[in-house]
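Below is one structure, written out as structure tokens; comments come after it.
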There are 2 protein chains.
Amino acid sequence: MTLDRRSTLADVARLAGVSLGSASRALSVPNEVKPATLAKVQQAVAQLGYVRNGAAQALASRRTRTVAAIYPTLSNPIFSVSIHKLQQTLWKYGYQLLVASHEYEPQREIDLLRAIVERGVDAIVLVGTDHSHEVYELARQYGLPYVLTWSFDDSTYPHCVGFSYYDAAYEMAKVVVESGHTRIALCNGFEVSNERARARVAGTRAALKAAGISLRRDWVTEQPFNFEGGREAVRRFMGSEDCPTVLICGTDLQAIGAIDECRIRGIRVPEDLSITGFDDIEHAAIVVPPLTTVHVPTEKIGILAAQRIVELIEGREMPAFSPLETTVVIRKSLLSIQKTSSLGRSKRASLSASG
Amino acid sequence: MTLDRRSTLADVARLAGVSLGSASRALSVPNEVKPATLAKVQQAVAQLGYVRNGAAQALASRRTRTVAAIYPTLSNPIFSVSIHKLQQTLWKYGYQLLVASHEYEPQREIDLLRAIVERGVDAIVLVGTDHSHEVYELARQYGLPYVLTWSFDDSTYPHCVGFSYYDAAYEMAKVVVESGHTRIALCNGFEVSNERARARVAGTRAALKAAGISLRRDWVTEQPFNFEGGREAVRRFMGSEDCPTVLICGTDLQAIGAIDECRIRGIRVPEDLSITGFDDIEHAAIVVPPLTTVHVPTEKIGILAAQRIVELIEGREMPAFSPLETTVVIRKSLLSIQKTSSLGRSKRASLSASG
DNA sequence: CTGAAAGCGCTAACAC
DNA sequence: GTGTTAGCGCTTTCAG
């Protein structure tokens, strides 16, 4: 029953008294064999505790039934939650997930992809639309289908499962402006190789511009997408007399770090400084004060990306994807202040804006 | 240069003017071929953009150069951080990581493992020591080396890379007792199939007992290891007049949920209820009030597990692992209260304990 | 619907 | 050191 040598399909076929080919078919296309044959094979499989050899199967069929996902990081819960959904959905369709993270290093993404291609996967899931030329080249060269996730922008690739960071940032900034703020600072991520970071500034800038406000160059900073990034932004902007009344952050992680830095330095949030986030991670509702942020379709991205990649692998045509929705979630970290005159913060009008 | 058909080692060998065998050796054992041969092969590889076929390699060599890790969940940052380290370290040694999560479902762990075995991996990393019989059986049957992580207990398997949850919980509870608490409640995880949860209660109970306190049955609850679990514990214990002065949680996630639930219900932490955590995730230092918790060697576990699994795969003998250390981190969420008489909370002594 | 047979691309003896 | 060759375990034609 438990043999020393791992038993093979040939063993199964022999025991079942059928040919190798029939045994193979019984396992992969059960409805193309006679019920009797199927039964004999299944019986033999059970008896031997037979388990397919994936490598042999992959070699012969040129399909590995695994897809790889290369993410920026696993440290942002927004990604780990999405990956979990991706994995679960893929699993349902009979695929495994190989996950790797490049920690925002373009070169590491290339290296990972190369290793993954070498290992053999049926498709890949990437985050964002801005990748090195080598990445696309590798995918093309090996005929690997891929879906791009999170970002949905004006790039022409039809398999982008995501939302518009530009629109999301625009909406967030609009809410900020409508809350009466004019002194607005932005804690963004690094814009190089990251269209999401670029879209966030662009969207923010556009919304401010529409309100007649211009985003001061010295009130924009590029910081890592983690607690420390947000802290640093606070240190940078809140030192002098001339400081913003709101800090728009690129991720909730940054925003939470910023809130904590404010607490440490005795800056009251939102009375002295409003802070907004992006992502709406579970913690966002729990920090003190709760975070005004952009809710994004984290789980949906995982699920839809999985479905799409399976369709692609199995050669079914898919219509181009339409962007998902995001919504601004208003909580306490954004203060609604009296409207100021457009030329500074001196005059106070009697109206107060609502979000 | 970029062929239609993915080029094979045979193509490389032909182009380099060497035999298939030499080409293979040039790639896998470069120092066993003449430098001139090596150079020719490398040149051909570059020219063709050759990439190994992992399936063929795996089939012929019986090694996949990938290891699988089955984790309870990716939603706890403690695990995602550790997985990241595991992955990075494995990568350095030339191995890939296949990650899956069973969400605390024993049956799902078995299913995942079966799929993973079928797919083919060189080894597996599991969390904890308490697994279904089938899990060990599968590993044994296919001769798969494995390391057990996080937990280090009295099970006899020599490759457990972890720490003693019992000792850690004991220390935490000791600190709680020394802070003057006697009315102590425990928010634990589900104990079935989870020796870590069991060790936590056992350690806590032992520490209380050593102080002459017994853990009330109705002040112990099994909850999921997430925010909601902590919230529920607060709801359950803080309804009546007869309530604890401290809630010891099994994870920081539970503790953070508990703190938030207290905030919602107007229970002051730590004045009305002290709360302690376990794990020391990054958020622990940031919540308000900052969390007293057990710091655990998250990254070390990832790194050491990776190293050990590689040694095991490559057949090197390893001495049995010695447990890692944990430390209690004292922050504001645990109130140091005046010593009460052993028979209630009526009398106040003038001493106050320190942690 | 089934059996026979030809590979999939690589590694690992084995002889030279 | 290097070339030759026999598989690794499976899928997939192709006849029948």
Side-chain angles (χ1 to χ4, degrees), chain A residues 3 5-42 44-45 48-66 94 117-122 142-143, chain B residues 3-42 44-45 48-66 94 117-122 142-143 315:
Chain A
L3 294 139
R5 181 177 62 85
R6 188 165 161 164
S7 51
T8 72
L9 229 207
D11 297 330
V12 172
R14 200 172 311 123
L15 183 62
V18 302
S19 74
L20 219 202
S22 295
S24 174
R25 280 183 287 258
L27 296 182
S28 48
V29 281
N31 36 359
E32 285 181 26
V33 297
K34 219 177 3 188
T37 310
L38 179 57
K40 279 187 291 183
V41 171
Q42 286 175 333
V45 164
L48 293 169
Y50 170 75
V51 175
R52 262 198 182 91
N53 179 321
Q57 184 176 19
L59 180 59
S61 68
R62 282 161 203 73
R63 307 175 1 76
T64 60
R65 294 201 80 82
T66 102
V117 166
E118 179 165 331
R119 201 190 175 294
V121 295
D122 294 344
Y142 294 103
Chain B
L3 295 138
D4 236 23
R5 182 176 62 85
R6 187 165 164 165
S7 48
T8 71
L9 230 208
D11 297 330
V12 171
R14 199 174 309 121
L15 183 62
V18 301
S19 73
L20 220 204
S22 295
S24 174
R25 280 182 286 258
L27 295 181
S28 49
V29 281
N31 37 358
E32 287 180 23
V33 297
K34 219 174 10 185
T37 310
L38 179 57
K40 280 188 291 184
V41 172
Q42 285 175 334
V45 164
L48 293 169
Y50 169 75
V51 176
R52 263 197 182 93
N53 178 320
Q57 185 176 18
L59 181 57
S61 68
R62 274 152 258 284
R63 305 173 4 72
T64 60
R65 295 204 77 84
T66 103
V117 165
E118 178 165 331
R119 208 197 165 289
V121 295
D122 293 345
Y142 294 103

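For the numbers below, each heavy atom of this structure counts, side chains included, while hydrogens, waters and symmetry mates do not. This is a predicted model, so every value here is computed, not measured. Every chain is numbered from 1, with letters handed out A, B, ... down the list of sequences.
- In this structure, CG of Leu59(B) is placed 13 Å from C1' of dA12(C), rounded to the nearest angstrom.
- Along DNA chain D, the nucleotide closest to Ala60(B) and the one closest to Leu20(B) are compared, and the more 5′ of them pairs with Leu20(B).
- Going from atom CZ of Arg119(A) over to atom CD of Gln57(B) covers 10.0 Å, rounded to the nearest 0.5 Å.
- In this structure, Ser19(A) does not reach the dA4(C) phosphate: none of its side-chain N or O atoms is under 4.0 Å from OP1 or OP2.
- Atom CG in Leu9(B) sits roughly 12 Å away from atom P in dA12(C) (whole-Å rounding).
- Rounding to whole angstrom units, CG of residue Asp11(B) and C1' of dC10(C) are separated by 13 Å.
- Distance CZ (Arg65(B)) to P (dT11(C)): 11 Å, rounded to an integer number of Å.
- Ranking dG7(C), dC10(C), dT2(D) by closeness to the Ala56(B) side chain, first place goes to dC10(C).
- Looking at Arg6(B), its side chain has no donor and acceptor atom pair within 3.5 Å of the base of dG9(C).
- If you measure from atom CG of Leu48(B) to atom C1' of dG9(C), you get 15 Å, rounded to the nearest angstrom.
- Of the candidates dT2(C), dT11(D), dG3(D), dT2(C) carries the atom nearest the Thr37(A) side chain, counting heavy atoms from C-beta on.
- Rounded to an integer number of Å, the gap from Leu27(B) CG to dC10(C) C1' is 11 Å.
- Results of the side chain to side chain contact (heavy atoms under 4.5 Å, CB included) test with Val45(A) over Asp11(A), Leu27(A), Leu15(A), Leu9(A) single out Leu27(A) as the only residue that passes.
- Closest to the Lys34(A) side chain, of the nucleotides dG9(C), dC1(C), dG9(D), is dC1(C).
- For dG3(D), the OP1/OP2 oxygens have a side-chain nitrogen or oxygen of Ser22(B) closer than 4.0 Å.
- Within 4.0 Å (heavy atoms only), Ser28(A) reaches no atom of the nucleic acid at all.
- Rounded to an integer number of Å, the gap from CZ of Arg14(A) to P of dG9(D) is 12 Å.
- Closest heavy-atom contact between Ala56(A) and Leu59(B): CB-CD1, 3.7 Å.
- Contact annotation for Ser24(A): base contact, defined as any heavy-atom pair under 4.0 Å involving a base atom.
- Side-chain atoms of Arg25(A) come within donor-acceptor range of the base of dG3(C), with a qualifying N/O pair under 3.5 Å.
- Note: Lys40(B) NZ to Lys34(B) NZ = 7.5 Å, rounded to the nearest 0.5 Å.
- Atom CZ of Arg52(A) is separated from atom P of dC8(C) by 21 Å (rounded to the nearest Å).
- In terms of heavy atoms, Arg65(B) sits closest to Gly94(B) at NE-O, 3.0 Å.
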